[in-house]
Amino acid sequence: HGRWAMLGGAGAWGAEAGTGINWFQAGAVCTPEDCTGIVFPGQVIPLAPEGSGFPQFYNVLVGTIVLMGLSEGYRGGLIAPAFPELEVG
C-alpha cells in the first residue's frame with residue numbers, strides 16, 4: 001500500500017505542478033474518450049494520437065498494470081529475479 005501511496009502522491013504532485021490542474025479536477029479534463037485537453041508548459045501533448053481510433057490512455061493503463069505486476073512478482077518471489085547478483089542477503 002505504501003508503494004501505491006507514494007506513486008499516487010508523486011503523480012498527483014507532478015501533474016499539478018506541470019499542468020496547473022488540481023488532481024481532483026483532472027478527471028473533468030482527461031477522460032478515456034478524450035484526453036487531448038491537457039496543456040503542459042509550452043505545448044499541448046495529446047494522449048490520443050490522431051487517427052488512431054483509440055485513446056492511448058488504455059496503453060498507459062496496461063503498461064502500469066504490467067510493470068507494477070512484475071515488480072510485485074519479483075518482490076514476492078513469484079518471478080525469478082532478473083539480476084540475481086543484486087539480491088539482498
Side-chain angles (χ1 to χ4, degrees):
H1 296 21
R3 285 184 181 92
W4 286 105
M6 289 186 289
L7 184 64
W13 176 82
E16 189 170 334
T19 62
I21 301 169
N22 293 328
W23 64 269
F24 53 86
Q25 295 173 336
V29 178
C30 180
T31 63
E33 290 79 26
D34 179 31
C35 198
T36 57
I38 296 178
V39 179
F40 286 91
Q43 62 184 13
V44 175
I45 301 175
L47 287 178
E50 290 186 29
S52 67
F54 64 94
Q56 195 176 1
F57 170 84
Y58 295 110
N59 293 344
V60 173
L61 177 65
V62 168
T64 301
I65 290 171
V66 168
L67 290 174
M68 287 301 291
L70 285 172
S71 66
E72 290 297 321
Y74 288 136
R75 183 186 65 82
L78 298 174
I79 302 171
F83 302 103
E85 63 272 9
L86 298 178
E87 287 186 18
V88 176

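Everything quoted here is computed from the prediction, not taken from an experiment.
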Linking I/L/V/M/F/W/Y whenever any side-chain heavy atoms sit under 4.5 Å apart, do [X] and [Y] land together?
X: W13; Y: W4; result: no
X: V66; Y: I79; result: yes
X: L70; Y: V62; result: yes

